Amino acid sequence: MNATNALFDPWDPEFIADPYPAYARLREAGRVHYFEPTDQWLVPHHADVSALLRDRRLGRTYLHRFTHEEFGRQAPPPGHEPFHVLNDNGMLDLEAPTHTRIRRLVSKAFTPRTVEQLRPYVESLADELVRDLVADGGGDLAARVAEPLPVAVIAQMLGIPESDRDQLRPWSADICGMYELNPSEETAARAVTASLEFTAYLRELIAVRREKPGDDLISGLIAAYEDGESLSEQEMISTCVLLLNAGHEATVNATVNGWYALFRDPAQLAALRADPGGLVPTAVEELMRYDTPLQLFERWVLDDIEVDGTTIPRGSEVALLFGSANHDPAVFTDPGTLDLARAENPHISFSAGIHYCIGAPLARIELAASLGALLRRAPRLRLTAEPERKPNFVIRGLRELLVEI
């Protein structure tokens, strides 16, 4: 127990700055470790993380089978209820059969064709954002390109008017604070407020779309119907929030983490600049692997499981360490080396199993579009100041990334 605490300290600024050496020591020490501060079992190896993501003896929720009391867990504080109503009705935190029904209905609106039709808009917007950054001689890449691109794309998909879009990022940031380990009461209060405000906004927008449907995703969610089933209003609201939170957090942080990695590896950056057409597709995958935007994914143990001779009993929580799995030398050759031409790259940055990210194709389009636009319009882009990491562990990103042309 003490040994695990020494290896894994997600509140230590040095660990947050670079967790990958600690992950290596954690993998060497074994396949599963109990971490007392969060009452979780840490799983650091790629094979185990991949298998447990697909193991139906684990779930994102336990309430489809047990009450809180039966599972040996306390119900969330009543004051947190608005957050949990919003969060717990989204696909990411549901299990079959509810998850199956919602994902099937959402997929009717969120089709590959719908996503592909967004490509021209994504590429045009990325080019416009980069053009403005270049015209100003540089600035904060996070605030000028990485953040506005995915937020605008999701808002465009949902049909949120441009005049309302400046509210989306603050709401999302406050809600996502609850996904960190042991969030504070202050964090919870912000998440509750954001949940109430975002829910009220979407409820009004859904009412408008019921009266006057458009070609946006909210209208598609309203119309989604199969075998006598449709989405409830709460399921639609939770789906929209999930698409925004998951859709932009991954893209924003993959963009800034990726460019920071490129600036620290001039040879790889030079290779990418020399052959953007050939390397951008594999570069997107490698940057997602190399500095993983979502470091940890939690699941509940619904029935006893065994990992390497250790029984993890029902009622436990496992923390699947995506960042560690993506640096496992059993799967990746020289995992600590950035290799933009890496051909075999089974990273799990988009998760796996039934909770595989439904927005992964869109995220890839966004990452490729911003990367391509920056390579094309700012071929001499360079870092002007060492960036500061956000103090978060689970969702890994930078406060800003200052660049000049």
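Computed from heavy atoms alone, side chains included, the values below leave out hydrogens, waters and symmetry copies. Note that the coordinates shown come from a computational prediction; the quantities given were computed from them, not determined experimentally.
Checked by atom type, the side-chain pair Q268/R273 shows no donor-acceptor distance below 3.5 Å. For the residue pair N245 / S172, a side-chain donor-acceptor distance below 3.5 Å is found, with atom types taken as modelled.
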| query | Yes or no on side chain to side chain contact (heavy atoms under 4.5 Å, CB included) for L381 and L269, after CA distance, side-chain angles and deciding distance? | reply | CA-CA 10 Å; L381 190 71; L269 180 53; over 6 Å; no
| message | Working note: V130 + V145, criterion side chain to side chain contact (heavy atoms under 4.5 Å, CB included); need CA distance, chi angles, decisive distance, verdict. | response | CA-CA 7 Å; V130 171; V145 178; 4.2 Å; yes
| request: List the steps and the verdict of side chain to side chain contact (heavy atoms under 4.5 Å, CB included) for E123 and E366. | output: CA-CA 8 Å; E123 292 177 345; E366 291 170 347; over 6 Å; no
| request: Begin with the C-alpha distance, continue with both residues' side-chain angles, and end with the deciding distance and a verdict on side chain to side chain contact (heavy atoms under 4.5 Å, CB included) for L26 and L42. | output: CA-CA 9 Å; L26 203 62; L42 308 178; 4.2 Å; yes
| field | Worked verdict on D308 versus R31 for salt bridge (charged side-chain N to carboxylate O under 4.0 Å, His left out) | value | CA-CA 7 Å; D308 196 27; R31 288 171 54 192; 3.5 Å; yes
| query | What do the steps show when you test E404 against R380 for salt bridge (charged side-chain N to carboxylate O under 4.0 Å, His left out), and what is the final call? | reply | CA-CA 8 Å; E404 63 182 11; R380 291 181 295 278; over 6 Å; no
| message | What verdict does the side-chain hydrogen bond (donor to acceptor under 3.5 Å, both in side chains) test give for T282 and E286, after you've listed the backbone C-alpha separation in whole Å, the side-chain angles of each residue and the deciding distance to 0.1 Å? | response | CA-CA 6 Å; T282 53; E286 177 68 349; over 6 Å; no
| message | Please determine whether salt bridge (charged side-chain N to carboxylate O under 4.0 Å, His left out) holds for the pair E28 and R25, giving the CA-CA distance in whole Å, both sets of side-chain angles, and the decisive distance to 0.1 Å. | response | CA-CA 5 Å; E28 291 167 4; R25 294 190 292 271; over 6 Å; no
| request: Check the pair H64 / H99 against ring-ring contact (aromatic ring centres under 6.0 Å, His included), numbers first and verdict last. | output: CA-CA 11 Å; H64 60 307; H99 172 275; over 10 Å; no
| Would E285 and R289 count as a salt bridge (charged side-chain N to carboxylate O under 4.0 Å, His left out) if you check the C-alpha gap in whole Å, the side-chain angles of each, and the deciding distance to 0.1 Å? | CA-CA 6 Å; E285 304 303 319; R289 178 202 72 84; over 6 Å; no
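Sparse packing is recorded around CG of D215, with 12 or fewer heavy atoms of other residues, nucleotides or ligands lying under 6.0 Å away. Around atom CD of E306, more than 12 heavy atoms belonging to other residues, nucleotides or ligands sit under 6.0 Å away. Within 6.0 Å of atom CD in E81, 12 or fewer heavy atoms from other residues, nucleotides or ligands are found, so the atom counts as exposed in its surroundings.
Considering every non-hydrogen atom in both I354 and R103, the closest pair reads O-NH1, 3.2 Å. Of all heavy-atom pairs spanning P148 and A142, the tightest one is CD-O, 3.9 Å. Between A319 and Q40, the shortest heavy-atom distance links the atoms CB-OE1, 3.8 Å. For A29 against L7, the heavy-atom pair with the smallest separation is CB-CD1, 4.0 Å. Residues T310 and W41 come closest through the heavy atom pair CG2-CZ3, 3.8 Å. G59 and E95 make their closest contact through CA-OE2, 3.3 Å (heavy atoms, listed as atom of the first residue, atom of the second, distance).
Atom CZ of R144 and atom CG of L129 lie 8.5 Å apart (nearest 0.5 Å). Note that OG1 of T292 is 4.0 Å distant from CG of N326, once rounded to the nearest 0.5 Å. Atom OG of S316 sits about 7.0 Å away from atom CG of D39, to the nearest 0.5 Å. Taken from CD1 in I175 to CD in E249, the straight-line distance is 10.5 Å, to the nearest 0.5 Å. I218 contributes atom CD1, which lies 11.0 Å from atom CZ of R210 (distance to the nearest 0.5 angstrom).
For the pair R60 and E298, the minimum side-chain heavy-atom distance is below 4.5 Å. When side chains are defined from C-beta on, L296 does not count as touching L320, because their heavy atoms never get closer than 4.5 Å. Within the 4.5 Å cutoff, side-chain heavy atoms of D303 are placed close to those of R65. Within the 4.5 Å cutoff, no side-chain heavy atoms of D304 are placed close to those of I312. Inter-residue side-chain proximity for L133 and L374 is flagged as met; some heavy-atom pair is nearer than 4.5 Å. Side-chain contact check for D216 versus M157: every heavy-atom pair is 4.5 Å or farther apart. Side-chain contact between I160 and Q167 is absent, with no heavy atoms from C-beta onward closer than 4.5 Å. I237 is listed as a side-chain neighbour of E233, based on a closest heavy-atom distance under 4.5 Å.
Of the candidates Y179, F322, F15, F15 is the only one forming a ring pair (Phe, Tyr, Trp, His ring centres under 6.0 Å) with F393. For the side chain to side chain donor-acceptor pair (under 3.5 Å) test with R396, the passing option among N253, N257, D291 is D291; the others fail.
The aromatic rings of W171 and Y201 sit tilted, their planes meeting at an angle between 30° and 60°.
Under 4.0 Å is where a charged nitrogen must lie from a carboxylate oxygen, and between E70 and R314 no such pair does. Using a cutoff of 4.0 Å between basic side-chain nitrogens and carboxylate oxygens, E116 and R119 are scored as salt-bridged. In summary, E147 and R169 engage in a salt bridge, as defined by a charged side-chain N under 4.0 Å from a carboxylate O. Between D140 and R399, no side-chain nitrogen of the basic residue sits less than 4.0 Å from a carboxylate oxygen of the acidic one, so the salt-bridge criterion is not met.
With ring centers used as reference points, F332 lies 6.0 Å or more from H347. The aromatic ring centres of H46 and H327 sit 6.0 Å or more apart. Aromatic rings from Y20 and Y23 are positioned such that their centres are separated by under 6.0 Å.
For the pair R54 and Y356, the cation-pi criterion (under 6.0 Å, within 45° of the ring axis) is not fulfilled.
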